[in-house]
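Take a look at the structure below.
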Amino acid sequence: MAEKILQIRNLTTGFLTDQGVAKATDRVSMDLEKGQTLCVVGESGSGKSVTALSVMRLIDFAGGVIIDGQMLFNGEDLVRKSQNDMLRIRGNMITMIFQDPISALNPVFTVGEQIAETLRIHKRMGKKEAWLQSVDMLYRVGIPDPEMRAKQYPYEMSGGMCQRVVIAMALACNPELLIADEPTTALDVTVQAQILDLLKQLKQEFGMSMLLITHDMGVAAEVADRIAVMYAGAVVEEGTVQEIFEQPRHPYTIGLLQSIPGLHSKRGGELYTIKGAIPPISRIPSGCRFHPRCPHVMDICRKEEPPLKSSLSGHIAACWLDETGGMDKGRNEPNLQDVHERLTADRVEANRS
Ligand SMILES: Nc1ncnc2c1ncn2[C@@H]1O[C@H](COP(=O)(O)OP(=O)(O)OP(=O)(O)O)[C@@H](O)[C@H]1O
Ligand code: SF4
Ligand SMILES: [Mg+2]
C-alpha cells in the first residue's frame, strides 16, 4: 500500500461565536499519499483554510481550537505537538503558501534576505551560503536575473513575481509537504496558469507532496490526484480526480462541476449556480448539512446525517441517495477530458490577450 504522508482523522475544530463555541470543521478525514497532490475544494466558508491552518497548528493563533481528532504527519500526531515542536516542523518539513503573496512578504527586507533568513533559521546555513542558495531558489522558480532580483524589495515586483518568491521561500528548505491555500486566486489568469505549471513542475523536482486548496474545480482537474470536497465544515465526498469528475456521487459535487464555466453553458451564456448560500458555522442545518440547498432533498435528509460510505476503490460520499439508489445516473456530467480541453482553450486565449 502507498505510504501516507498525512492522515487527518475526525478533525473537529471550533471558534467562539455569539452563540458559544461553533464547529468550523466537523470530523474531517482525508489522506495524502507521498508524492501526490490532494486538492481540497468547496465554496467560500466550507472550512478549507481552517483545515490547512490546523495542520500547520496556526489555528491556535487565529482564535480557534482543535476540539478532537488526529493529524498524522509521517505517523506522528501533530495535534499532540507543542508549539515549540511545531516551530521545527513549520517552514522546514511542512510549509504553506497563502493566497496573497504581497502580504506574505516582509516589505522592509529584500526578497533574497527573506529566503536566506529561512535557510539560516532552519538549515543553520552561514550568511554567504544562505544568500547563494536563495539566489539559486529564485532561479529555480523561474525568476529572470536572480542575482539582481534577490536585492529587490517586494514592492519592486509584480504579483506573479512575488508569488514565485513566496514559493521559493516555501521550498527553500526542501519540505516534505507543501500546503498551498488558493495560491493563484489573487493573480491574473495568464499568471495563474504559469504558477500552477510551476507548482506541478517543482513538486516533481523536489519530490514533495502537496495539499492544494482551491474553490476552482478547474484548478483541481489540472493538478489533483485526489479531491476532497468540503461543505460547511465537513468532507462530503472524496475520491480520485477521475472518480470526482466522472462519477460524482454527492449533489454538492455535481453542483460544483456544473458551475465550471463552459462545461454546461455556452461561452457568454448563463452560468449554473448552486441556489442559496453556505451557512455560517453557528447555524449548520440538522441532518444533511447540504439539505436546504439540495435539489434531491428527502424527508430523511432533514432529520438524519448521512453516513460517509466508501466504495471498494475508496471513493467516499455522504448522501442518503447512495442508500436509496436514487441518484440520476443519466445526467450529463462533465467529463475530465472536457475540463482539460476547456482549460487549455482558456489558457491559449489568455496567452494571446
Ligand atoms: N477566526 C475565526 N473566527 C470565527 N469564525 C471563523 C474564523 N475563521 C474562520 N471562521 C469560520 O469558519 C468557517 C470556515 O472558514 P474557512 O476560512 O476555513 O473557509 P474557506 O473554505 O477557506 O473559505 P474561503 O474560500 O473564503 O477561503 C467560516 O464559516 C468562517 O466564517
Ligand atoms: S443526503 Fe439528501 S439533502 Fe443531502 S445531499 Fe444527499 S439527497 Fe441531498
Ligand atoms: Mg480559505
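When a ligand or atom number is given, it counts from 1 through the structure's own listing order. The figures here come from the full heavy-atom set of this structure, side chains too, leaving out hydrogens, waters and symmetry mates.
Under the side chain to side chain contact (heavy atoms under 4.5 Å, CB included) criterion, Thr25 pairs with Leu11, Thr13, Val28, Val50, Thr51, Met230, sequence neighbours left out.
Near Cys294, meaning under 4.0 Å from one of its heavy atoms, ligand 2 places the atoms 3 (S), 5 (S), 7 (S), 8 (Fe). Each of the atoms 5 (S) of ligand 2 lies under 4.0 Å from some heavy atom of His250. Within ligand 2, counting atoms from 1 as listed, the ones closer than 4.0 Å to a heavy atom of Leu321 are 7 (S). Interface atoms of ligand 1 facing Glu43, defined by a heavy-atom separation under 4.0 Å, are 21 (O). Close contacts of ligand 2 with His291, meaning ligand atoms under 4.0 Å from a residue heavy atom, involve 3 (S).
Among protein heavy atoms, the minimum distance from atom 29 (O) of ligand 1 is reached at Ile281 CG2, 3.6 Å. Phe15 CD2, 3.4 Å is the protein heavy atom nearest to atom 3 (N) of ligand 1. Atom 15 (O) of ligand 1 has as its closest protein heavy atom Val50 CG2, 3.8 Å. Closest to atom 27 (O) of ligand 1, if we only count protein heavy atoms, is Ser49 OG, 3.8 Å. Of the protein's non-hydrogen atoms, Trp320 N, 3.2 Å is the one closest to atom 1 (S) of ligand 2. For atom 26 (O) of ligand 1, the closest non-hydrogen atom on the protein side is Ser44 OG, 2.5 Å.
With Leu32 as the partner, the side-chain contact (heavy atoms from CB on, under 4.5 Å) test is satisfied by one option alone out of Met30, Lys34, Gln36: Gln36.
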CA sep, side-chain torsions, deciding dist, call: Arg293, Tyr231, side chain to side chain donor-acceptor pair (under 3.5 Å): CA-CA 11 Å; Arg293 304 175 71 188; Tyr231 182 77; 3.3 Å; yes
From CA spacing to verdict: side chain to side chain contact (heavy atoms under 4.5 Å, CB included), Asp225, Glu33: CA-CA 9 Å; Asp225 294 296; Glu33 286 179 12; over 6 Å; no
Checking Leu202 against Val141 for the side chain to side chain contact (heavy atoms under 4.5 Å, CB included) test, could you report, in this order, the C-alpha distance in whole Å, the side-chain angles of both residues, the deciding distance, and whether it holds? CA-CA 8 Å; Leu202 292 173; Val141 297; 3.9 Å; yes
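For ligand 1, the polar-atom distance check finds no N/O of Gly42 at less than 3.5 Å from any of the ligand's N/O atoms. In terms of polar-atom proximity, Gly45 is counted as a contact of ligand 1, with an N or O under 3.5 Å from an N or O of the ligand. The shortest N/O to N/O separation between Ala62 and ligand 1 falls below 3.5 Å. Considering both main-chain and side-chain atoms, Lys48 comes within under 3.5 Å of ligand 1 through a nitrogen or oxygen pair.
Side chains of Arg90 and Gln83: a donor-acceptor N/O pair is present below 3.5 angstrom, by distance only. His315 and Glu238 form no side-chain donor-acceptor contact under 3.5 Å, judged by distance and modelled atom types alone. Side-chain contact annotation: Gln70 with Asn10, donor-acceptor N/O pair under 3.5 Å absent. Side-chain polar atoms of Thr110 and Gln152 form no donor-acceptor pair below 3.5 angstrom.
The protein does not reach atom 31 (O) of ligand 1 closely, with no heavy atom under 4.0 angstrom from it.
Between the Thr253 side chain and the Arg249 main chain, no donor and acceptor come within less than 3.5 Å of each other. Remark: the backbone N or O of Phe98 is paired with a side-chain donor or acceptor of Gln163 at under 3.5 angstrom.
Residue Cys288 holds the heavy atom nearest to atom 4 (Fe) of ligand 2 of all those in Cys288, Cys319, Pro292.
Between atom 2 (Fe) of ligand 2 and Cys301 there is an N/O/S contact shorter than 2.8 Å. Distances from the Mg ion (ligand 3) show that Ser44 has no N/O/S atom below 2.8 Å.
Contact annotation: Ser46 has at least one heavy atom less than 4.0 Å from an atom of ligand 1.
Put simply, Ile213 and Ile278 are part of two different groups of oily side chains (I, L, V, M, F, W, Y) that touch within less than 4.5 Å, one to the next.
Ring geometry for His250 versus Tyr252: interplanar angle over 60°, hence perpendicular rather than tilted (30 to 60°).
Residue contacts with ligand 1 for Gln99 are absent, since no atom lies close enough (heavy atoms, distance under 4.0 Å).
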